[in-house]
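This chain uses plain numbering: 1 for the first residue, then up along the sequence. Whatever order the structure lists them in is the order used to number ligands and atoms, beginning at 1. Just so you know, these numbers use all the heavy atoms, side chains as well, and skip hydrogens, waters and symmetry mates.
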Amino acid sequence: HAKQTGTDPIQFYSLDLKIASERRLMLEEALRHAIEKEQFELYVQPIYDLRTNTIVKAEALLRWHISDDEMISPDIFIPIAEQSGQIVAIGRWVISSVCELLAQMSKQNLSVPLSLNLSPRQISDRHLFDFINNAVIKNKVSPDLLELEITEGVLVDNHEKVRKLLQELREMGVTVAIDDFGTGYSSLSYLKYLPIDSLKIDQSFVFDLGYNSDDQAIVLAVIAMAKSLKLGVVAEGIETQQQKDFLEQHDCIIGQGFLLSRPLTIYNFIKLVEQNYREIRG
Ligand code: C2E
Ligand code: MG
Ligand code: MG
Ligand code: MG
């Protein structure tokens, strides 16, 4: 007969679950007011030409200041917003803000293409095309400066609808990248079917470059495939010189990661771009 210790693991487990679901509900509720309370902020992570250390584009990454002293990671709140449907409104805030930033930069004679992330629920919003189109027109943004990042997850259902949407967006002039490439959908057939411009190699494969020969093989295969399909390739999550050297030596010349720059506030991003321009133009 087991001794009663009061540390029944099952009880603890359900308590953890209860706390997790309460926190989730709390976050979902707080998210409802995040836009009107102006709690969102765009951070921007520069993407570099690894050979020259030139900033060639940048990715907009959302931050949520849930209170004065707490910032919540998108890895936590995007999935909640995705499930609750709030991602559509939040995503529109991101689209508008990125277009405003592009307009602000072009007034300062800085033309750096910006990408933004779209999650599956946003892709299935039938007003997405019009919303993007209107934001581009309203801000007089050159559409080729806007890039959309989608994950393989959007392809789970309704390929044909996604293909049409992406086709329309590309006709408008925006470009499309597959984000976190290699972590999602298993079939590669969509690569010849979907109108896309580039692949972003997921950081989980970049992480062990130089140590793990399997990851090395995967990265080399993605680079080779992108090349033969005439797609661009971008490496994510470059943290070490060794990773950067490996990528550069194997013809993946575009990348982002903490080694090069963390995601920055808009203010610091613009300062860095100006400095980068000065260094290049002498
Ligand atoms: P993602 O689109 O794959 O973005 C890359 C993530 O990797 C970012 O995390 C970035 O800060 C992080 N990162 C960049 N370089 C490094 C590195 O060298 N090492 C490591 N360990 N991490 C690095 P973040 O900003 O926390 O965003 C997480 C994810 O949340 C994004 O992954 C994206 O899927 C999603 N997300 C962010 N902003 C938005 C948004 O506006 N809309 C939507 N739908 N999703 C977003
Ligand atoms: Mg991304
Ligand atoms: Mg990614
Ligand atoms: Mg990711």
Side-chain angles (χ1 to χ4, degrees), residues 27 31 34-35 39-48 50 55 57-65 71-101 113-125 128 131-132 135 146-154 175-185 196-210 219 222 232-244 246-247 254-266 268-269:
L27 291 176
L31 262 182
I35 293 179
Q39 291 175 331
F40 288 124
E41 181 178 4
L42 279 190
Y43 270 52
V44 186
Q45 186 176 36
I47 300 176
Y48 287 79
L50 303 178
I55 295 172
K57 51 184 178 175
E59 176 175 9
L61 293 159
L62 190 56
R63 298 290 178 264
W64 179 21
H65 301 277
M71 193 157 90
I72 306 229
S73 159
D75 281 330
I76 308 278
F77 71 84
I78 295 286
I80 296 175
E82 177 77 8
Q83 278 172 32
S84 67
Q86 292 162 313
I87 191 66
V88 173
I90 295 170
R92 288 179 177 184
W93 185 91
V94 171
I95 294 163
S96 302
S97 303
V98 166
C99 289
E100 284 162 20
L101 177 55
L114 295 182
S115 65
L116 60 85
N117 294 280
L118 291 176
S119 52
R121 184 92 166 230
Q122 294 176 267
I123 297 277
S124 56
D125 167 28
L128 180 67
F131 193 87
I132 293 175
L146 183 63
E147 179 167 74
L148 307 174
E149 297 189 8
I150 60 173
T151 57
E152 296 163 89
V154 308
T175 55
V176 179
I178 302 289
D179 201 359
D180 303 346
F181 183 73
T183 61
Y185 203 63
I196 54 177
D197 300 279
S198 60
L199 305 178
K200 297 190 78 173
I201 305 175
D202 190 66
Q203 53 194 41
S204 61
F205 304 120
V206 172
F207 190 72
D208 274 342
L209 279 185
V219 167
V222 175
V233 63
V234 177
E236 291 192 290
I238 303 170
E239 291 186 358
T240 68
Q241 189 63 41
Q242 194 172 8
Q243 294 163 345
K244 180 176 181 270
F246 181 93
L247 291 160
I254 309 291
Q256 70 193 99
F258 294 168
L259 177 70
L260 302 151
S261 169
R262 294 205 166 239
L264 304 169
T265 60
I266 287 176
N268 285 330
F269 170 68

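Annotation for I196 and L199: closest pair CD1-CD2, 4.2 Å, computed over non-hydrogen atoms. Contact between I87 and E82 at its shortest, heavy atoms only, is CG2-OE1, 3.5 Å.
For E59, the closest heavy-atom approach to ligand 1 falls below 4.0 Å. Heavy-atom separations between Q122 and ligand 1 include at least one value shorter than 4.0 Å. Under a 4.0 Å heavy-atom criterion, V94 is in contact with ligand 1. Put simply, part of Q203 is less than 4.0 Å from ligand 1, judged by heavy atoms. Heavy-atom distances between R262 and ligand 1 stay at or above 4.0 Å for every pair.
Under 4.0 angstrom from ligand 1, the non-hydrogen atoms of I78 all belong to its side chain.
Nearest N/O/S atom of D179 relative to the Mg ion (ligand 3): this is OD1. Restricting E59 to its N/O/S atoms, the shortest distance to the Mg ion (ligand 2) is reached by OE2. For D180, the N/O/S atom at the shortest distance from the Mg ion (ligand 3) is named OD1.
Atom CZ of F246 sits about 11.5 Å away from atom OG1 of T240, to the nearest 0.5 Å. In this structure, CG in L101 is found 5.0 Å from CG in L114, a value given to the nearest 0.5 Å. The CD atom of Q256 sits 3.5 Å away from atom NZ of K200, with the distance rounded to the nearest 0.5 Å.
Of the N and O atoms on the side chains of S119 and Q122, at least one donor lies less than 3.5 Å from an acceptor on the other residue.
For ligand 1, the atoms lying closer than 4.0 Å to a non-hydrogen atom of I238 are 18 (O). Close approach to D180 involves these atoms of ligand 1, each under 4.0 Å from a residue heavy atom: 3 (O). The contact set between ligand 1 and D75, taken as ligand atoms under 4.0 Å from a residue heavy atom, comprises 28 (C), 29 (C), 30 (O). Near S119, with a cut-off below 4.0 Å to any heavy atom, the atoms of ligand 1 are 44 (N). Near E239, with a cut-off below 4.0 Å to any heavy atom, the atoms of ligand 1 are 17 (C), 18 (O), 19 (N), 20 (C), 21 (N).
A perpendicular orientation is assigned to the rings of F77 and W64, their planes being inclined by more than 60° (bins at 30° and 60°).
Among I178, L118, D202, D180, the single residue meeting the side-chain contact (heavy atoms from CB on, under 4.5 Å) criterion with T151 is D180.
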**Prompt:** Given L42 and L116, is the side chain to side chain contact (heavy atoms under 4.5 Å, CB included) satisfied, shown in steps?
**Reply:** CA-CA 10 Å; L42 279 190; L116 60 85; over 6 Å; no

**Worked check of side chain to side chain donor-acceptor pair (under 3.5 Å) between E59 and N117** = CA-CA 8 Å; E59 176 175 9; N117 294 280; 2.8 Å; yes

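At a 3.5 angstrom cut-off on N or O pairs, P74 does not count as close to ligand 1.
Comparing S204, P263, G91 against atom 11 (O) of ligand 1, the shortest heavy-atom distance belongs to P263. Relative to atom 15 (N) of ligand 1, the option among Q256, E236, Q45 with the closest non-hydrogen atom is Q45. Around atom 45 (N) of ligand 1, the closest heavy atom drawn from L116, N117, I150 belongs to N117. With L259, I72, D179, V98 as candidates, the residue nearest to atom 1 (P) of ligand 1 on a non-hydrogen basis is D179.
Listed by chain and residue number, D125 satisfy the salt bridge (Lys or Arg N to Asp or Glu O under 4.0 Å) test with R92 (two or more places apart in sequence, or in another chain).
The number of heavy-atom neighbours closer than 6.0 Å to CZ of F207, taken from other residues, nucleotides and ligands shown, is 12 or below.
The Mg ion (ligand 2) is the vertex of the angle joining OD1 of N117 and OE1 of E149, which measures 90° to the nearest 10°.
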